[in-house]
Amino acid sequence: NIVQTYPAVEYDFVPNHMKLKVGDWIHFQWTGCDTNPANNDGEGTDSTDRSNIVQVASRNHNVPMVSSDESSSGWLFKDADLRALFAWAGQDPALCQTYDELRAENPDDDDLDRDPQNCMKLNAASAYFDGGLIKMSRQGIFHFMSSRNNNFSNRGQKATISVEHLVPTWSLAVIGVGAAFGVAAVVLVILKVAANGNPGLASCMG
C-alpha cells in the first residue's frame with residue numbers, strides 16, 4: 001500500500017505532466033505484472049498490475065468524463081473508438097460480464113473484484129498495452145487517470161498533457177505588428193527614393 005511504497009508511489013504515469021506542441025506525437029504504452037507478490041498489487045486479480053486511461057475534467061476529479069463534458073474541456077482523443085480502446089485497455093467488451101452477472105456468481109466483494117471476467121477491474125486485459133503513436137492535433141490541457149488504481153484518497157494514478165501551438169499566440173501578435181511596421185518602413189523608403197529621383201513628386205510630398 002501507500003505506506004509500504006513511501007516515498008515512492010504505488011502506481012504512476014511517467015511522466016505525469018508532459019508539455020508538448022501541436023503536431024507532436026506520443027507513443028502510449030505501459031506494462032504491468034502477473035507475478036506481483038501478495039499484498040504488493042492493487043485492485044483486481046491477485047498478483048496482477050493493470051492500467052488504463054480515462055479522461056477527467058481535472059486532477060481533482062475522480063469520475064471519468066462523458067460525451068456531454070466535451071464542450072467544457074475537450075477530448076485528448078477525439079475518436080470515440082480510440083477513447084474506448086484506452087479505457088478498456090484492449091479488452092473486448094463482448095467477452096466481459098455485466099455487474100449483475102458478476103454479482104450473481106460472486107456474492108463476496110473480494111471474489112467479485114478478482115473475477116477474470118470483471119473487465120471493470122481490467123482483469124481481462126493483458127499485462128502489456130500498446131496504444132501506438134498518437135498525434136497531438138489540438139491545443140489544450142488534458143487530464144486523465146487509471147480507473148483501476150484510483151480507489152482511495154491517497155492512491156491516484158493521474159497525469160496531465162499540456163499541448164500548445166507551435167508558435168504561442170502572443171508571438172503571432174508580435175510577429176504581426178512587426179510585419180506591419182516593416183511594410184510601412186519599406187513603403188516610406190520606396191517613396192523617399194522615388195522623391196529623390198523626381199523633384200515634382202518631392203514637391204507633392206511637401
Side-chain angles (χ1 to χ4, degrees), residues 2 5 8-33 41-44 48-96 98-99 113 118-173:
I2 194 72
T5 60
V9 294
E10 296 166 296
Y11 298 99
D12 202 3
F13 293 107
V14 180
N16 57 25
H17 192 175
M18 182 177 290
K19 297 182 179 181
L20 302 168
K21 301 292 186 183
V22 171
D24 287 345
W25 295 75
I26 303 177
H27 186 186
F28 289 90
Q29 61 177 329
W30 56 79
T31 189
C33 181
D41 59 311
E43 301 300 298
T48 66
D49 306 307
R50 295 293 186 270
S51 297
N52 67 336
I53 283 180
V54 292
Q55 194 166 337
V56 289
S58 78
R59 293 179 76 154
N60 293 324
H61 286 73
N62 294 292
V63 177
M65 289 171 52
V66 295
S67 297
S68 59
D69 296 326
E70 182 172 6
S71 60
S72 63
S73 182
W75 291 107
L76 173 61
F77 307 127
K78 292 188 294 183
D79 182 74
D81 290 337
L82 190 60
R83 295 199 295 269
L85 174 68
F86 277 81
W88 287 93
Q91 300 172 114
D92 183 354
L95 302 179
C96 303
T98 65
Y99 177 82
D113 288 349
N118 185 347
C119 296
M120 294 174 284
K121 291 291 186 179
L122 309 179
N123 291 345
S126 299
Y128 174 69
F129 176 82
D130 185 354
L133 284 167
I134 308 294
K135 186 177 182 179
M136 299 295 100
S137 59
R138 62 192 304 180
Q139 181 185 21
I141 299 176
F142 309 100
H143 310 283
F144 54 91
M145 71 176 188
S146 168
S147 60
R148 168 161 157 159
N149 306 318
N150 195 58
N151 64 339
F152 302 126
S153 60
N154 61 357
R155 175 189 291 168
Q157 184 181 356
K158 297 179 179 179
T160 300
I161 293 176
S162 302
V163 183
E164 299 179 345
H165 286 300
L166 188 60
V167 179
T169 303
W170 65 266
S171 297
L172 294 175

Check your understanding: Between S147 and N52, does a side-chain hydrogen bond (donor to acceptor under 3.5 Å, both in side chains) hold up when you go through it step by step?
Key -> CA-CA 7 Å; S147 60; N52 67 336; 2.9 Å; yes

Point to revise | Sequence-distant partners of T98, side-chain contact (heavy atoms from CB on, under 4.5 Å), two or more places apart | key: D100, E101

Study note, to complete from the structure: Looking only at heavy atoms, the pair that brings A125 and A89 closest together is CB-O, 3.7 Å

Practice item. Taking only Lys NZ, Arg NE, NH1 and NH2, and the carboxylate oxygens of Asp or Glu, determine whether E43 and K121 approach each other closer than 4.0 Å. Key: yes

Study note, to complete from the structure: dist S126:OG -> Q91:CD (nearest 0.5 Å) comes out at 9.0 Å

Point to revise | Min side-chain heavy-atom separation V22-V163 under 4.5 Å | key: yes

Practice item. Grab the two heavy atoms, one from A124 and one from C119, that are nearest each other, plus how far apart they are. Key: CB-SG, 3.8 Å

Point to revise | Verdict with supporting geometry, R148 and T48, side chain to side chain contact (heavy atoms under 4.5 Å, CB included) | key: CA-CA 12 Å; R148 168 161 157 159; T48 66; 3.1 Å; yes

Revision key, fill the gap. Value for CD1 (I161) from CD1 (I134), rounded to nearest 0.5 Å, stands at 10.0 Å

Point to revise | Test of ring centre spacing under 6.0 Å for F77 and F144 | key: no

Check your understanding: Can you tell me how far the CD atom of Q55 sits from the NE2 atom of H143, to the nearest 0.5 Å?
Key -> 8.5 Å

Check your understanding: Atom CE in M145, atom OG in S51: separation rounded to 0.5 Å?
Key -> 12.0 Å

Exercise for review: For the residue pair F13 and Q157, establish whether any side-chain heavy-atom pair is separated by less than 4.5 Å.
Suggested key: yes

Exercise for review: Decide side chain to side chain contact (heavy atoms under 4.5 Å, CB included) for E10 and N149; before the verdict, give the C-alpha distance in whole Å, the side-chain angles of both, and the deciding distance to 0.1 Å.
Suggested key: CA-CA 9 Å; E10 296 166 296; N149 306 318; over 6 Å; no

Check your understanding: Can you tell if the side chain of D130 reaches within under 4.5 Å of the side chain of H27, non-hydrogen atoms only?
Key -> yes

Exercise for review: Determine the minimum heavy-atom distance between P64 and V56, stating which atoms define it.
Suggested key: CA-CG1, 4.2 Å

Exercise for review: Heavy atoms only: give me the nearest W88-P93 pair and the separation to one decimal.
Suggested key: CE2-CG, 3.7 Å

Practice item. Give, for atom NE2 of H165 and atom CZ of R138, the distance between the pair rounded to the nearest 0.5 Å. Key: 11.0 Å

Practice item. State which residues pass ring pair (Phe, Tyr, Trp, His ring centres under 6.0 Å) with F129; sequence neighbours excluded, sorted by chain then number. Key: W30, F86

Exercise for review: Going by the side-chain hydrogen bond (donor to acceptor under 3.5 Å, both in side chains) test, name the single residue among N62, N60, N16 that passes it with K158.
Suggested key: N62

Review point. Rounded to the nearest 0.5 Å, how far apart are CG of D113 and CG of N118?
Key: 6.5 Å

**Study point:** D79: side-chain contact (heavy atoms from CB on, under 4.5 Å) partners, not counting sequence neighbours
**Key:** D81, L82

